[in-house]
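Working notes, beginning with the structure itself.
Atoms considered below: every heavy atom in the structure, side chains included; atoms not considered: hydrogens, waters and symmetry mates.
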Amino acid sequence: MTAVLTAVGRWDSQLATALEASNQVRIARRCADLADLLATAAAGLGAAAVVSDDLRGLDLSAVAALRASGLHVVGVSAPGDEGSERHLRQLGITTVVAAGSPLAVLEAALLEPSSATQVLDRAGLPPDPFTEGPEAAAHTMLHGPDDDERHPPGRVVAVWGPTGAPGRTTVAVAIASELAGLGVSTVLVDADTYGGSVAQALSLLDEAPGLAAAARAADQGTLDLPTLARLSPQVTRGMRVITGIPKAERWPEIRPAALERVIELARSLAEVVVVDCGFNLEDDEELSYDTRAPRRNAATLTTLSVADDLLAVGSCDPVGLQRLVRGLQELGTVPSPPPRVVVNRVRSSSVGSRPESRVSDALARFAGVEQVDFVPDDPQALDDAAREGRALCECAPGSPARVALRALAASVAGVPVRAARRSRR
């Protein structure tokens, strides 16, 4: 029999009575609060957990901790309470049943999550929030009427680089702005919890960081498309920006489950989501046993794990290339897509004549990299962009660095360099 843990508040007696008649599931423990539920789940005493919307302290991180303990999470809400059902779904609970549902519905939800949809639909539960209800109206407002086929979710492009300021933010901002110029709607996310600077690079206020507010709303189960759209202002046509935390000490506000939810929703907001990551890939082994403890580098590791494409940025100098080689080796130990190496600030004064050939040979020999994208050094254009707080394409459209970054952006998105189509999003 499947062992079930419950923490359902006012529905406790009703649920216990219903499950007593089952010969397939049994209640292993009726938990008094969330702390009791998390401790029991961590002890491995259950295979499924049933929670209610009014469980004090229930958030996205708690649901993620239950799943990390190997439990399937089922939500219980009052019959006909669409707000409660929507809140549970926004916490990542995909299976929600109404209190007082027949035993067959409860067993289907607890035993066969993958096939429970048909049984739950017959029980009168709400459909996909993106096809009906308030979120469907918001979806139409943001994206326009759907075509015959729903638009596929946007791609996530992570921009990462080793320590030493190789130009991660410069590349991330340039890629996002160039994609917008090519007609590809883009959301730029500053997820660097060590030294986020996207807001400064684009002359945006960072007193109220959008990512911290979005992560907080996601953790509380209140983040939806309209909320995320308000937190990601449109700085140029087709380009939105979610600013990062202004101080590194605020890193605990960016919880991994919440950040994953933000990126997931951002996929519905634009065709490409560009995320500027921090450099550190350490997994905080001392805290890994405690799934509820915040981890310093969780934002970067989470971004890399959900990314579809990865740009690994290195600096064109002996120290920067050494750090890039070691960083690529470390990158192979964490879940991430295959990296596309970008060498920034390419110049002969730092590595000798024919810098592209020398760098390509070194990376092929020491890191096994077969293809490298090069961004020429143009200090005057980059200084002008930094001083004016604008994208490179606005300050120096003829810069060699800008031309290389535009070609890189077009290659990442799979569109012609000269294309300038209207985005569907």
Given Thr186 and Val273, is the side-chain contact (heavy atoms from CB on, under 4.5 Å) satisfied, shown in steps?
CA-CA 6 Å; Thr186 308; Val273 181; over 6 Å; no
Derivation of the side-chain contact (heavy atoms from CB on, under 4.5 Å) call for Leu88 and Ser77
CA-CA 8 Å; Leu88 288 170; Ser77 63; 4.2 Å; yes
Apply side-chain contact (heavy atoms from CB on, under 4.5 Å) to Ile242 and Leu228, showing your working.
CA-CA 9 Å; Ile242 302 179; Leu228 186 61; 3.8 Å; yes
Stepwise side-chain contact (heavy atoms from CB on, under 4.5 Å) check, Val341 with Val343
CA-CA 7 Å; Val341 176; Val343 176; 4.3 Å; yes
Audit row: Glu271, Arg155, salt bridge (Lys or Arg N to Asp or Glu O under 4.0 Å) steps and yes/no:
CA-CA 6 Å; Glu271 293 170 281; Arg155 296 185 63 80; over 6 Å; no
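In terms of modelled atom types and a separation under 3.5 Å, the side chain of Ser305 and the main chain of Thr302 share a donor-acceptor contact. In this structure a side-chain-to-backbone donor-acceptor pair under 3.5 Å is present from Thr300 to Gly278. A distance-only check finds a donor-acceptor pair linking the side chain of Thr243 to the backbone of Gly210 [under 3.5 Å]. Judged purely by atom type and a 3.5 angstrom limit, Thr40 uses its side chain to pair as donor or acceptor with the backbone of Asp36. Arg240 contributes no side-chain N or O that, together with a main-chain N or O of Val187, makes up a donor-acceptor pair within less than 3.5 Å. For Ser185 (side chain) and Ala270 (main-chain N/O), no donor-acceptor pair under 3.5 Å exists by modelled atom type. In this structure, Ser69 contributes its side chain and Ala65 its backbone to a donor-acceptor pair below 3.5 Å.
The shortest non-hydrogen separation linking Val51 to Leu37 is CG1-CD2, 3.6 Å. The two atoms that bring Ala215 and Val262 nearest to each other are N-CG2, 4.0 Å, heavy atoms only. Here the closest heavy-atom approach between residue Ser22 and residue Glu107 is recorded as OG-OE2, 2.5 Å. The minimum heavy-atom distance between Ala367 and Leu328, with the atom names listed, is CB-CD1, 4.0 Å. Thr95 and Ala109 make their closest contact through CG2-CB, 3.7 Å (heavy atoms, listed as atom of the first residue, atom of the second, distance). When all heavy atoms of Gly46 and Leu5 are compared, the closest pair comes out as CA-CG, 4.1 Å.
Between Arg216 and Glu253 the shortest side-chain heavy-atom distance falls below 4.5 Å. Within the 4.5 Å cutoff, no side-chain heavy atoms of Val412 are placed close to those of Leu179. Within the 4.5 Å cutoff, the side chain of Met239 has heavy atoms near those of the Leu188 side chain. Side-chain atoms of Arg67 and Val73, non-hydrogen and from C-beta on, do get closer than 4.5 Å to each other. Arg168 places none of its side-chain heavy atoms less than 4.5 Å from the side chain of Cys277. Contact of the Ile254 side chain with the Ile245 side chain is registered, since non-hydrogen atoms from C-beta on lie closer than 4.5 Å. With contacts defined as side-chain heavy-atom distances shorter than 4.5 Å, the pair Val275/Val159 does not qualify. When side chains are defined from C-beta on, Ile263 does not count as touching Val189, because their heavy atoms never get closer than 4.5 Å.
Salt-bridge formation is not detected for the pair Arg261/Asp219: no Lys NZ or Arg NE/NH1/NH2 atom is positioned less than 4.0 Å from an Asp or Glu carboxylate oxygen. Salt bridge status for Arg56 with Asp33: absent, with no side-chain N to carboxylate O gap under 4.0 Å. The pair Asp309-Arg340 does not meet the salt-bridge criterion, since no charged nitrogen lies less than 4.0 angstrom from a carboxylate oxygen. Using a 4.0 Å cut-off between charged side-chain N and carboxylate O, Arg267 and Asp308 make a salt bridge. A salt bridge between Arg26 and Glu20 is absent, with no side-chain N of the basic residue lying under 4.0 Å from a carboxylate O of the acidic one.
Here the straight-line distance linking atom CD1 of Ile175 with atom OG1 of Thr170 works out to 11.5 Å at 0.5 Å rounding. Put simply, CG on Leu331 and OG1 on Thr333 are 7.5 Å apart, with the number rounded to the nearest 0.5 Å. Going from atom CG of Leu269 over to atom CG of Leu265 covers 8.5 Å, rounded to the nearest 0.5 Å. Interatomic distance, CD of Glu330 versus CZ of Arg323, reported as 13.0 Å (0.5 Å rounding). Once rounded to the nearest 0.5 Å, the distance linking OG of Ser197 with CG of Asp190 reads 6.5 Å. Between the CG atom of Asn297 and the OG1 atom of Thr303 there is a distance of 11.5 Å, given to the nearest 0.5 Å.
Among residues two or more places apart in sequence or in another chain, the side chain to side chain donor-acceptor pair (under 3.5 Å) test is passed with Arg30 by Asp12. In this structure Ala381 satisfies the side-chain contact (heavy atoms from CB on, under 4.5 Å) test together with Asp378, Leu392, Ala396, Ser399, sequence neighbours excluded. Every residue two or more places apart in sequence or in another chain that forms a side chain to side chain donor-acceptor pair (under 3.5 Å) with Asp276 is listed here: Thr169. Asp384 pairs by the salt bridge (charged side-chain N to carboxylate O under 4.0 Å, His left out) definition with Arg387, not counting sequence neighbours. For Arg390, the side chain to side chain donor-acceptor pair (under 3.5 Å) criterion is met by Glu388, not counting sequence neighbours.
Residue pairs meeting the ring-ring contact (aromatic ring centres under 6.0 Å, His included) criterion with at least one member in residues 154-199, sequence neighbours excluded: Tyr194-Phe279.
For the side chain to side chain contact (heavy atoms under 4.5 Å, CB included) criterion with Val4, the lone passing option out of Val74, Leu71, Val25, Leu106 is Val25.
At a cut-off of 3.5 Å, with distance as the only test, no side-chain donor of Asp59 or Ser61 sits close to an acceptor on the other residue.
Under a cut-off of 6.0 angstrom, the local environment of CD in Gln220 is crowded, with over 12 non-hydrogen atoms contributed by other residues, nucleotides or ligands.
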